[in-house]
Structures are given as structure tokens and as C-alpha cells.
Amino acid sequence: MHPDTDLRPLFSARYGQPTAFPLPDTNEVLHSLLEHRSVRAFRPDPLAPGLLETLVAAAQSASSSSNLQVWSLVAVQDPARKARLAEYCGNQAHVAACPLFLAWLADLSRLERVARRLDQPSAALDTLEMGLVGVIDAALAAQNAVVAAESLGLGTVYIGGLRNRVPEVARELELPPHVFPVFGLCVGYPDSAKLPRVKPRLPQTTVLHRERYRVDEAGEAAAIADYDHTMSAFYRGAGIRAEGWTPHSANRVKGPESLSGRDKLADFFRGQGFPLK
């Protein structure tokens, strides 16, 4: 049990407002999950010996569809390689600065090799289902690693920008066919002087449906308007843009040009041996 057994302050931070519904007492796991924040400022210290392997063990403890385990990761610590990956990820300085960068991969190539060694076909690897399984397995594994990292005093931030320039990333990491970079993850000891606040999330009323998917558009609009105010205040407090969630998100989906090159992923998928039939 965590010394502070009251979940309400954690819920208030996560949603930017007090919570009315009843809550259980907290514990170490809930406390760690609810205090999650993306860390982009790291101390230069390398990870202690054995931590990388511990994170991998936590990742491999995640659920895997049919135990196929169709994911892999590349651990990058070389400064020059991290610098190149930082450029490919949209010039994100924390990619170069973090002591450990993990590239999480949907990896169907291992099963292709397994089938080939048995002299068996592997046509199912060409389906959308198997591509999805690879992405889902990689995401589940990575989130396990994030929870483990935070329990050990490490900070992390996901890097979707790894998909901005996937041909260059694939060449840099020497990815074979049937392997796709899903996202990156910066890992390191947080710089305590630059630790960000917990970022509020959408109200539960906008994401939680009971029994069936039903949307009260007026209620949703009101809840999101309140959330826009919460996020504007959050950003002002952080000394950055005071934009609400609505304009930020609408601009993000306005058109292919807003996807930082990721609108071309389908072509790369096919070229990398993912026909997705």
C-alpha cells in the first residue's frame, strides 16, 4: 500500500478537476500509473547495469496474441545513431539526449524464418490481421516496459515521430522485410528540475460507454469545451502555447500534410513486405 492511500488528488491531477465518484484506496501500481507523465529532459547518467534487460523482461511479460510474440526492439545508445534518429523523428532533441532510445518493431520476419526452416508456407503473414497483431503486441510490450521503468525511477516518452521518415529509420536500423518501426521510446533518469506536471486527460464521460456506444453530442461538446479550458490553463502553467485540445486535435487531422510524412506509411508497409491483404 502506498503511504498516501487517497486516490482523489491523483484523479484531480489527471482530469484537472475534482472527482465525485467513489474511489478505492490507492496502491503502488495505481499510484505509478496515475502519476505518469512524458519526460523529455534527462540526466546524462547511463542506465544501471541490468535495467535494460529488466525492461525487456517486463515487456515480454505482456500478453501476446496466440503467444506469437511478433515484436522486437532495437536498443540504441550510440550518440551518433541517436542524433540521426532524432533528425528522422522531426528533430526532437530528447531523442539524441536520452541515454537509451528503444525502437519498438512489429516483427513478422521471425515467423517467416520459422516457417521457412520447417519448409512451410507463411502466406498468413501478408494479411491485415497479422500486421495488426504485430503493432498491438509491440504496443502492449512497450507499455509494460514503461510501467516497469517508472517503478524503477526512470522517465520515458513515446516517439511517434519514428514513423515520420520510415525509409531512413529502416536503413539506419537495418530492418529486414516484414519488420516495421511502430514508435520509439526515450528512457533515462529524469532531470528533476524539469519534471513536467501530470497532463489532464479527456473527461471519462467522453470515452466511457456502458453496454453500447452512445453519444450525447450536446453533452460531449460541453465536456470537451470544459476540457479545452483545462488544457489551456495547463499549457499556460507550463509556459507554452495556450491552445485548447479542440483546435490542436482538429489541426492534427485536417489533412495528410499535417501528419509529418506519415501519410505515406501505406506505401512503406507494402514495400517492406506487408501487403495487408
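- Checked against side-chain hydrogen bond (donor to acceptor under 3.5 Å, both in side chains), Gln272 has no partners two or more places apart in sequence or in another chain.
- Considering all non-hydrogen atoms of both residues, Arg8 and Thr19 come closest at NH1-O, 2.9 Å.
- Across all their heavy atoms, Leu7 and Pro24 have their closest contact at CD1-O, 3.3 Å.
- In terms of heavy atoms, Glu35 sits closest to Val198 at O-CG2, 3.9 Å.
- Only one option out of Leu47, Val146, Leu51, Leu52 pairs with Val187 in a side chain to side chain contact (heavy atoms under 4.5 Å, CB included); it is Leu47.
- The closest donor-acceptor contact from the side chain of Tyr189 to the backbone of Pro99 lies at 3.5 Å or more, if one exists at all.
- Residues satisfying the side-chain contact (heavy atoms from CB on, under 4.5 Å) test with Ala62, not counting sequence neighbours, are Leu140, Asn144.
- Ring-plane geometry between Tyr213 and His209 is classed as parallel, the angle between the planes falling under 30 degrees on a 0 to 90 degree scale with a further cut at 60.
- In this structure, the side chains of Phe234 and Met231 come closer than 4.5 Å at one or more pairs of heavy atoms.
- Heavy-atom minimum distance, Ser72 versus Arg110: OG-NH1, 2.9 Å.
- In the model, Ser109 has a side-chain atom that pairs as donor or acceptor with a side-chain atom of Arg113 under 3.5 Å.
- Ser122 pairs by the side-chain contact (heavy atoms from CB on, under 4.5 Å) definition with Glu112, Ala115, Leu125, not counting sequence neighbours.
- Taking 4.5 Å as the limit, every side-chain heavy atom of Gln17 sits out of range of all side-chain heavy atoms of Asp226.
- With a 4.5 Å cut-off on side-chain heavy atoms, Leu162 and Phe101 count as touching.
- Across Phe183 and Arg163, no two heavy atoms sit closer than the pair CB-NH1, 4.0 Å.
- Judged by distance alone, the side chain of Asp137 and the main-chain N or O of Ser65 form a donor-acceptor pair under 3.5 Å.
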Candidate pair Arg84 and Glu168, rule salt bridge (charged side-chain N to carboxylate O under 4.0 Å, His left out), full reasoning
CA-CA 9 Å; Arg84 290 191 293 272; Glu168 290 96 328; over 6 Å; no
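- Across all their heavy atoms, Gln69 and Gln60 have their closest contact at OE1-NE2, 4.2 Å.
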